[in-house]
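Residue numbering restarts at 1 for every chain, and letters A, B, ... go by the order of the sequence lines. Because the structure is predicted, anything quoted here is derived from the model rather than measured.
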Amino acid sequence: MADVVLKSQPAKYWIQVLAPKQGFFADPQQSVLAAMEAAGQESIPVGCRGGGCGKCRIQIVQGQYFSKRMSRAWISAEQEAQGKVLACRVYARTDLNIQVDSPEIATACLAQAG
Amino acid sequence: MKKGVMRPGHIQIRVLDMDEALKHYVDLLGMIEMDRDAQGRVYLKGWTEVDKFSLVLREADQPGMDFVGFKCVDEVTLDNLQADLQAAGVSTQEIPAEDLKDCGRRIRFTIPTGHSFELFATKKQTGKWGINPRNPEAWPRELKGMKATRFDHCLLYGPNVAASVQLLTQVLGMDLAEQVLDPEGKQLAGFVTVSMKAHDVAFIEHPEPGKLHHASFFLETWNDVLKAADLISMTDTSLDIGPTRHGLTHGQTIYFFDPSGNRNEVFAGGDYHYPDHAPVTWDVEQLGKAIFYHDRQLNERFLTVLT
Ligand code: FES
Ligand SMILES: [Fe+2]
């Protein structure tokens with residue numbers, strides 16, 4: 001029985017966050033950000049979940065992945081080539097080591113209201 | 001409508017992937033695809049809108065808003081408003097007819113918050129979608145998803161909100177319906193209308209120019225907003241907040257994101273405005289309640305997640 005369940009399950013990859021030291025499993029159909037949310041963790045900030053706002057920026061330190069188009073406002077072509085990505089547009093293809101790399105994001109001038 | 005500006009006529013939004021975007025705007029929101037052009041742009045509208053389109057999607061590598069356009073009563077009004085803008089020191093650019101398919105010439109200018117605004121007077125009218133203009137039925141039976149009725153307004157973030165509000169009210173004859181003031185009386189948010197609606201466009205003070213907070217689409221009832229929330233869950237769409245009520249305008253609302261991270265809103269209800277109404281004022285200390293009337297506090301995304 002356990003064997004049958006195992007065979008029918010898709011491969012899951014381990015996503016190791018380097019700091020804070022945390023990790024979670026992601027299946028290949030799930031963005032790295034969605035997998036983190038599903039695991040109930042908060043190491044990567046969550047914004048739009050669509051590659052537009054920049055909140056979820058990470059650096060892939062090691063591992064293979066597939067990425068969908070991401071806003072050039074947050075990821076230049078050079079950065080993309082060096083593994084800087086938006087976690088909500090990235091899908092693991094092997095286990096990954098990642099580092100959270102949130103950019104400076106402007107805050108509306110209402111913030112002082114608290 | 002004192003100077004002949006009638007309503008928000010269109011918004012052009014950049015998306016990262018057109019197929020993903022169309023699944024969202026057509027299948028989930030229930031917008032109708034009306035046309036495409038040689039540049040690959042796709043033209044859509046809500047079913048109650050009489051003009052041919054109100055939402056234009058353009059594939060690009062950075063999401064956000066290209067421009068928002070307001071429809072004026074006629075071409076003479078357009079000439080007059082262009083002259084008024086120039087007299088107020090605003091430089092204008094004329095975009096020729098047919099740059100947007102089946103749309104007349106557009107007068108484009110940049111407002112102080114850094115957004116590209118347009119005025120136009122002519123667009124092909126195809127009538128309400130799916131119902132006969134003569135002896136019309138209540139609604140078409142073929143609608144999808146949330147059955148969005150129309151593009152209603154957008155909320156824009158940028159610096160110099162007070163100056164943008166002043167331009168739209170003093171030069172283009174719009175009205176300030178609601179505002180948020182800080183203790184020194186500085187305008188941090190302005191909700192501007194050209195109609196009886198509580199807002200046709202809104203602004204919030206922000207250091208970066210030209211940002212889109214959300215594009216909003218109108219639904220008939222609170223129950224429709226609840227069903228929209230159900231559909232957001234069924235389709236695993238990225239939810240921001242809601243269903244809830246805004247304090248500002250008192251509309252019943254839900255915020256969510258398109259697949260490129262542009263925020264959308266669908267809402268129902270809300271206050272009304274006549275030209276003799278004084279602006280409704282919210283104090284910035286009450287901002288949480290002004291934005292999310294039930295939670296009475298802002299979520300961090302409201303202040304920072306933009307395209
Ligand atoms: S959450 Fe907005 S870019 Fe990933
Ligand atoms: Fe809104």
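Using a 4.5 Å cut-off between heavy atoms, Pro259(B) touches chain A through its backbone atoms (N, CA, C, O) alone. Contact annotation for Leu306(B): only backbone heavy atoms (N, CA, C, O) come within less than 4.5 Å of a heavy atom of chain A.
Comment: Lys186(B) does not engage Asp182(B) in a salt bridge, judged by the lack of any side-chain N to carboxylate O separation of less than 4.0 angstrom. Ionic pairing of Arg58(B) and Asp66(B) is present here: one or more N-O contacts between side-chain nitrogen and carboxylate oxygen are shorter than 4.0 angstrom.
Close placement of the Tyr255(B) and His246(B) rings is indicated, their centers lying within 6.0 Å of each other.
Side-chain contact of Ser216(B) with His214(B): a donor-acceptor pair under 3.5 Å is absent, judged by distance alone. Donor-acceptor pairing under 3.5 Å is lacking for the side chains of Asn264(B) and Asp240(B). The closest side-chain donor-acceptor pair between Arg296(B) and Gln286(B), if any, does not fall under 3.5 angstrom. A donor and an acceptor atom, one from each side chain of Asp200(B) and Thr193(B), are located under 3.5 Å apart.
Sorted by first and then second residue, the side-chain hydrogen bond (donor to acceptor under 3.5 Å, both in side chains) pairs involving residues 45-58 of chain A (not counting sequence neighbours) are Glu37(A)-Arg49(A), Arg49(A)-Ser238(B), Lys55(A)-Glu300(B), Lys55(A)-Thr304(B), Arg57(A)-Asp101(A).
A 4.5 Å side-chain heavy-atom check between Lys211(B) and His206(B) finds at least one atom pair inside the cut-off.
Listed in order of number, the residues of residues 85-96 of chain A that approach chain B to under 4.5 Å between heavy atoms are Arg89(A). Listed by sequence position, Ser71(A), Arg72(A), Ala73(A) are the residues of residues 71-84 of chain A in contact with chain B, using a 4.5 angstrom heavy-atom cutoff.
Of the listed residues (Asp236(B), Val161(B), Leu239(B)), the one with the most heavy-atom contacts under 4.5 Å to chain A is Leu239(B).
In terms of the salt bridge (Lys or Arg N to Asp or Glu O under 4.0 Å) criterion, residue partners of Asp152(B) (sequence neighbours excluded) are, by chain and number, Arg150(B), Lys197(B).
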